[in-house]
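Owing to the predicted nature of the structure, the values given are computational and were not obtained by experimental measurement. Quick note: numbers below take in every heavy atom, side chains included, and nothing from hydrogens, waters or symmetry partners.
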Amino acid sequence: ADLYLHAARADTFPLAVLEALACGTPVVATAVGGVPEQITPATGVLVPKGDAAGMAAAVEALLRDDEARARLGANALADVAARFTVDRQVEAYLNWYREIAG
């Protein structure tokens, strides 16, 4: 895919966004729930909820710019590998459990 479009009005931490990023696909998404934790300016574009014109403009801009899409896609692969591995998530949970256990 050239890009992944995630036009949600509400979402928690959508796996589909992480899957797209892990495939090296740039993401254009609404900035709702946990989506802004998944997407950085280096991996995709966030637009306000309900901003159809902004979303369309972001999609059109990326579809016209092969270099920007390739850069965002490469950054997406690296970011997912750095931030969302199973080992990193397990360690984050263990650290949080240690913190709340006191």
Derivation of the side-chain contact (heavy atoms from CB on, under 4.5 Å) call for Arg98 and Asn95:
CA-CA 5 Å; Arg98 288 181 194 110; Asn95 288 337; 2.8 Å; yes

Side-chain heavy atoms under 4.5 angstrom apart, residues restricted to Ile, Leu, Val, Met, Phe, Trp, Tyr: same cluster for [X] and [Y]?
| X | Y | value |
| --- | --- | --- |
| Leu62 | Met55 | yes |
| Ile100 | Tyr93 | yes |
| Leu3 | Val45 | yes |
| Val27 | Val47 | no |

Closest approach of [X] and [Y], non-hydrogen atoms and distance?
| X | Y | value |
| --- | --- | --- |
| Gly33 | Pro36 | O-CD, 3.4 Å |
| Lys49 | Thr30 | CA-CG2, 4.1 Å |
| Ala42 | Leu72 | O-CD2, 3.1 Å |
| Gln89 | Phe84 | NE2-CA, 3.8 Å |
| Val32 | Arg9 | CG1-O, 3.6 Å |

Ala81 backbone acceptor or donor facing Arg88 side chain under 3.5 Å:
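No: the side chain of Arg88 does not pair with the backbone of Ala81.
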
Euclidean distance, [Y] [atom2] relative to [X] [atom1], rounded to 0.5 Å:
| X | Y | atom1 | atom2 | value |
| --- | --- | --- | --- | --- |
| Arg69 | Leu63 | CZ | CG | 6.0 Å |
| Leu18 | Ile39 | CG | CD1 | 9.0 Å |
| Thr12 | Leu15 | OG1 | CG | 10.0 Å |

Give the intermediate values and the outcome of side-chain contact (heavy atoms from CB on, under 4.5 Å) for residues Phe13 and Val35.
CA-CA 6 Å; Phe13 200 79; Val35 176; over 6 Å; no

Does the side chain of [X] reach to within under 4.5 Å of the side chain of [Y], using non-hydrogen atoms?
| X | Y | answer |
| --- | --- | --- |
| Leu77 | Leu21 | no |
| Gln38 | Pro14 | yes |
| Asp79 | Thr43 | yes |

Check the pair Val59, Val28 against side-chain contact (heavy atoms from CB on, under 4.5 Å), reporting the backbone distance first and the verdict last.
CA-CA 7 Å; Val59 168; Val28 176; 4.2 Å; yes

Should the ring pair His6 and Tyr4 be called parallel, tilted or perpendicular, given that the plane angle runs from 0 to 90° and is split at 30 and 60?
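Taking Tyr4 first and then His6, their aromatic rings sit tilted (interplane angle of 30° to 60°).
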
